[in-house]
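Each chain gets a letter, A, B and so on, in the order the sequences are listed, and its residues count up from 1.
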2 protein chains.
Amino acid sequence: MSSITRPSPARPSATRDLILDALETLLLEGGSSAATLEAVATRAGVSKGGLLYHFGSKEALYEGFLARLRTSAAQEAARTRNASQGLIAAYLDVSTVPDDPGTRSVLAALRLVGVQEVDVEAALADTFESWYAVIAQEIADPTLARLVQLVGDGLYLHALIGSARPEADQLVIARIIELVAESR
Amino acid sequence: MSSITRPSPARPSATRDLILDALETLLLEGGSSAATLEAVATRAGVSKGGLLYHFGSKEALYEGFLARLRTSAAQEAARTRNASQGLIAAYLDVSTVPDDPGTRSVLAALRLVGVQEVDVEAALADTFESWYAVIAQEIADPTLARLVQLVGDGLYLHALIGSARPEADQLVIARIIELVAESR
DNA sequence: GTCTATAATCGGATAGAC
DNA sequence: GTCTATCCGATTATAGAC
């Protein structure tokens, strides 16, 4: 019966994702003030009106972005969970790679912290939480697990402000791996 | 000769600091979008025109804020350097206290990351750098020093998104202290 | 030094054609 | 589903009185 012409407005359409990609890129380039509806639309190759068909307001746009962040982070965490070996190293490494899709989304979301329209903080907290679950599965000692998480988050913060130190950070990661090995 | 009526516009006046305090508070409460010139002026108890006498533009206002961040962070680092004993614990503890004046300024600045007008990232990088210098003075092993810094920055990030875990984080801090002690 | 207009611009959102 | 045109409110910045 319900073969509606207009697809359920909350579901993946090609344009929807293009728009969210454009938003992400603009957030990374110039923060939330650069991400005007006009700019996002243009970057996505549609008009402002076209964008507003998919996301009825700026708030809806932000919510769409955070929804995608949550689901993709959860998926990535699940995938990593199975990869199992070298999990900690992989987790810490990815935090230092600004080109990784997951890292890009998190860094973009970090630039959205503080906006009125949506609760970015909660979405990020959930994201970090889903990764902590993966870490905790590998490290029995909860204090050490939290320590690993905090180092990873520190790496994110440095990626955010562009003050990473690749060589030093690799040594830190190696040291962490040692600590984890000793704890078993 | 030059006994100008108007004080050198870049120097501390009571109102100037009130305005910067107001900006800081508004950034913490509602992010950069909440910090309009009007809102900042009202919060500081002056009119928009009054504010613009001290800071000729929004960019100038932001620069004033970052300048104060740099100098106060440098001063705090210098002070801590002399306190010397329990330095690492103090450094990590303060990262978890959102009421500490220094922490407040850093968190406010973090909410400014990505704005067009000024280079917030560079100011924050300098701030973190001045603390690293203090840490490195206490910890001979540079890898361990960086690890301590990363944990501290992870704590900042969690303070930013409101996902700190006071008990767990205290245990992590205790563990770090042990690691530092062992390394001597 | 501080205030009250006021100008100029920009961003979000609606209406309606195609 | 996408576009153009338009409206409206908010925001930065200026001008000039006190």
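- Checking A:Gly56 against B:Leu51, the closest nucleotide of DNA chain C that is more toward the 5' end is the one next to B:Leu51.
- In the set D:dA13, D:dT2, C:dC3, D:dT2 carries the atom at the smallest distance from any side-chain atom of A:Thr15.
- Computed from coordinates, the A:Ile19 CD1 to D:dG1 P distance equals 12 Å when rounded to whole Å.
- At a cut-off of 3.5 angstrom, the base of C:dG12 holds at least one donor-acceptor pair with the side chain of A:Lys48.
- Regarding A:His54, its NE2 atom lies at a distance of 16 Å from the P atom of C:dA13, rounded to whole Å.
- For B:Leu52 and C:dG1, the CG to C1' distance is 13 Å, given to the nearest whole Å.
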Test A:Thr103 against A:Tyr156 for side-chain contact (heavy atoms from CB on, under 4.5 Å), laying out the working first. CA-CA 8 Å; A:Thr103 303; A:Tyr156 270 116; 3.6 Å; yes
Output, in order, the C-alpha distance, side-chain angles, deciding distance and verdict of salt bridge (charged side-chain N to carboxylate O under 4.0 Å, His left out) for B:Arg146 and B:Asp141. CA-CA 9 Å; B:Arg146 177 70 172 174; B:Asp141 176 357; over 6 Å; no
Would A:Leu112 and A:Tyr62 count as a side-chain contact (heavy atoms from CB on, under 4.5 Å) if you check the C-alpha gap in whole Å, the side-chain angles of each, and the deciding distance to 0.1 Å? CA-CA 9 Å; A:Leu112 214 52; A:Tyr62 283 164; 3.9 Å; yes
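- For A:Lys58, whose side chain is taken as the heavy atoms from C-beta onward, the closest listed nucleotide among D:dC3, C:dG12, D:dA13 is C:dG12.
- Scored by the salt bridge (charged side-chain N to carboxylate O under 4.0 Å, His left out) test, A:Arg68 finds A:Asp17, A:Asp21, A:Glu24 as partners (sequence neighbours excluded).
- Proximity of residues 111-123 of chain A to DNA chain D (heavy atom under 4.0 angstrom from any strand atom) is not detected for any residue.
- Smallest separation of non-hydrogen atoms from A:Leu51 and A:Val46: N-CG2, 4.1 Å.
- Taken residue by residue, residues 23-38 of chain A places no heavy atom nearer than 4.0 Å to DNA chain D.
- Following chains of ILVMFWY side-chain contacts shorter than 4.5 Å, one can reach B:Leu28 starting from B:Leu110, so the two form part of one hydrophobic cluster.
- The shortest distance between the side-chain N/O atoms of A:Tyr53 and the OP1/OP2 oxygens of D:dT2 is not below 4.0 Å.
- Both tests do not hold together for A:Arg16 against A:Tyr53: distance to the six-membered ring centre under 6.0 Å, angle to the ring axis within 45°.
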Salt bridge (charged side-chain N to carboxylate O under 4.0 Å, His left out) for B:Arg165 and A:Glu129? Distances and angles first, verdict last. CA-CA 12 Å; B:Arg165 298 187 184 179; A:Glu129 181 58 34; 2.8 Å; yes
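- No cation-pi contact links B:Arg70 to B:Phe65, judged by a cut-off of 6.0 Å to the six-membered ring centre and 45° from its axis.
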